[in-house]
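Numbers here are sequence positions counted from 1. All values derive from a computational prediction rather than experimental measurement. Worth knowing before you read on, the calculation uses all heavy atoms, side chains too, and leaves out hydrogens, waters and symmetry mates.
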Amino acid sequence: MSDQDLQKLAELRAKIDMADQSIHALLMQRAEVIDELIKAKGASRAQGAAFRPGREAQMMEVLRARHGGSIPFSTIVHMWREIISTFTWLQAPYAVHMPADPDGRLTDTVRFQFGFTVQLERHETIGAAMDAAAQDGNAIAVVPVQSNTEWWPTLGGDTGLHVMARLPVAPVPFETVDALALAPRLSDPVPFEWRAYVVTAGSRAVLDDWDGGVVIDQRLTESDGAVEALIALAPGAKTPTDLLDIRAAGGYFAPLTDQST
């Protein structure tokens, strides 16, 4: 390389060092703001789960709107997910509970969403992971949507877990698992884009003829032929008619879509 090339290379490396210094300084500044926020809010476990899915979804939308350049958008999302999860943990420490994951895909999905600062607790079954999160009061359980276990009938109510996110929240460059993040009742509930409900219908036809959202999972009861299901209502959609029972079970914001992954 010529002296001119070496000089240019040194200048570019200096710019990188300056950018790194700015990023680090801003992260420390963000931590100072979080410290002030903790004092102002007095965050505690007694107030309910400390997660803010509405706020997080808003931040992701802002990132998508202003993103450009050669860096993949999925990289930006993962970096911000690490930041958000860590600073939420600083406000009120929490763990993520998940069932056994033989092929590692669910673990990858969880780490993309929650990073590596947050403690990850593995359990033998989905039920055990959900029980641990419910007993904690400020924890998350991540469960695969498709499984051999009917885990969703216990969702909702005053003491049950509620859906708070559908994962992954953005396109990723690796194979993941369609999963739901569950948490105890949030301390400041927000209206979700997709609203989740546990319902009982008199027959499968009630849900088969419904076009107001998606049936995430369902089962036919053995006693009277009724159908229990976990459904998600699209924004503005109405619930199916002729339901025998319905229970609110949280919800989620639509995952981001972007061609740059």
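Other residues, nucleotides and ligands place no more than 12 heavy atoms under 6.0 Å from the CD atom of Gln21. Heavy-atom contacts from other residues, nucleotides or ligands closer than 6.0 Å to CG of Asp17 number more than 12. Within 6.0 Å of atom CZ in Arg55, 12 or fewer heavy atoms from other residues, nucleotides or ligands are found, so the atom counts as exposed in its surroundings. Few gaps surround CE on Met28; more than 12 heavy atoms of other groups in view lie less than 6.0 Å from it.
Distance check: Met79 CE to Ile71 CD1 gives 6.0 Å after rounding to the nearest 0.5 Å. Within the model, atoms CG of Asp242 and OG of Ser203 stand 8.5 Å from one another, a figure rounded to the nearest 0.5 Å. Remark: Asp20 CG to Ile23 CD1 distance equals 5.5 Å, nearest 0.5 Å. Separating the CG atom in Leu90 from the CZ atom in Phe87 is a distance of 6.5 Å, to the nearest 0.5 Å.
Nearest heavy-atom pair, Tyr252 versus Ala232, reported as atom, atom and distance to 0.1 Å: OH-CB, 3.5 Å. In this structure, Asn138 and Pro93 approach most closely via the heavy-atom pair ND2-O, 3.4 Å. Considering every non-hydrogen atom in both Gln113 and Arg81, the closest pair reads O-NE, 2.8 Å. Of all the heavy atoms in Ala139 and Phe51, the pair that sits closest is O-CE1, 3.6 Å. Across Arg166 and Pro255, no two heavy atoms sit closer than the pair O-CG, 4.3 Å. Of all non-hydrogen atoms in Ser74 and Pro171, the two that sit nearest each other are CB-O, 3.3 Å.
One hydrophobic cluster, built from ILVMFWY side chains closer than 4.5 Å, holds both Val96 and Leu167. Hydrophobic clustering, with ILVMFWY side chains joined whenever heavy atoms are under 4.5 angstrom apart, keeps Leu106 apart from Trp151. The cluster map of Ile, Leu, Val, Met, Phe, Trp and Tyr, joined by side-chain heavy atoms under 4.5 Å apart, puts Leu182 and Val110 in different clusters. Note on Leu244 and Leu207: separate hydrophobic clusters, where clusters join Ile, Leu, Val, Met, Phe, Trp and Tyr whose side-chain heavy atoms are under 4.5 Å apart, directly or indirectly. Cluster annotation: Val145 is not connected to Met98 through the hydrophobic network of ILVMFWY side chains, with a link wherever side-chain heavy atoms come within less than 4.5 Å.
No side-chain heavy atom of Thr125 sits less than 4.5 Å from a side-chain heavy atom of Thr149. Using a 4.5 Å heavy-atom cutoff, the side chains of Leu120 and Arg111 are in contact. Residues Arg122 and Thr107 meet the side-chain proximity criterion, which asks for heavy atoms closer than 4.5 Å. Using a 4.5 Å cut-off on side-chain heavy atoms (C-beta onward), Leu180 and Leu230 make contact. Residues Trp152 and Ile231 fail the side-chain proximity criterion, which asks for heavy atoms closer than 4.5 Å. Using a 4.5 Å heavy-atom threshold, the side chains of Glu56 and Val169 count as separate. Contact check for Leu161 versus Thr154: no side-chain heavy atoms found under the 4.5 Å cut-off. Here the side chains of Met164 and Ile140 are in contact, with some heavy-atom distance below 4.5 Å.
When atom types are taken as modelled, the side chain of Arg247 and the backbone of Leu155 share a donor-acceptor pair closer than 3.5 angstrom. At least one donor-acceptor pair under 3.5 Å links the side chain of Thr109 to the backbone N or O of Val177. At distances below 3.5 Å, not a single donor-acceptor pair connects side-chain atoms of Glu228 with backbone N or O atoms of Val198. With Tyr94 contributing its side chain and Ser85 its backbone, the two residues share a donor-acceptor pair below 3.5 Å. The closest donor-acceptor contact from the side chain of His97 to the backbone of Glu121 lies at 3.5 Å or more, if one exists at all. Without hydrogens or angle criteria, His67 side chain to Val62 main chain gives no donor-acceptor distance under 3.5 Å. With hydrogens and angles ignored, the 3.5 Å screen pairs a side-chain donor or acceptor of Arg105 with a backbone N or O of Thr176. No donor-acceptor distance shorter than 3.5 angstrom exists from the side chain of Asp108 to the backbone of Phe174, with no hydrogens or angles considered.
Phe192 and Phe253 have tilted rings, their planes meeting at an angle from 30° to 60° on a 0 to 90° scale.
None of Leu6, Asp5, Leu12 except one satisfies the side chain to side chain contact (heavy atoms under 4.5 Å, CB included) rule with Lys8; the exception is Leu12.
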List the steps and the verdict of side-chain contact (heavy atoms from CB on, under 4.5 Å) for Phe114 and Val142.
-> CA-CA 11 Å; Phe114 298 104; Val142 175; 3.8 Å; yes

Check the pair Arg30 / Ile83 against side-chain contact (heavy atoms from CB on, under 4.5 Å), numbers first and verdict last.
-> CA-CA 10 Å; Arg30 195 182 197 278; Ile83 292 171; 3.9 Å; yes

Should Val227 and Val206 be marked as a side-chain contact (heavy atoms from CB on, under 4.5 Å) after you check the CA-CA gap, both sets of side-chain angles, and the distance that decides it?
-> CA-CA 9 Å; Val227 174; Val206 172; over 6 Å; no

Decide yes or no on side-chain contact (heavy atoms from CB on, under 4.5 Å) for His162 and Leu186, but give the supporting numbers first.
-> CA-CA 9 Å; His162 296 69; Leu186 302 178; over 6 Å; no

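By the 4.0 Å N-to-carboxylate-O rule, Glu61 lies close enough to Arg64 to be salt-bridged with it.
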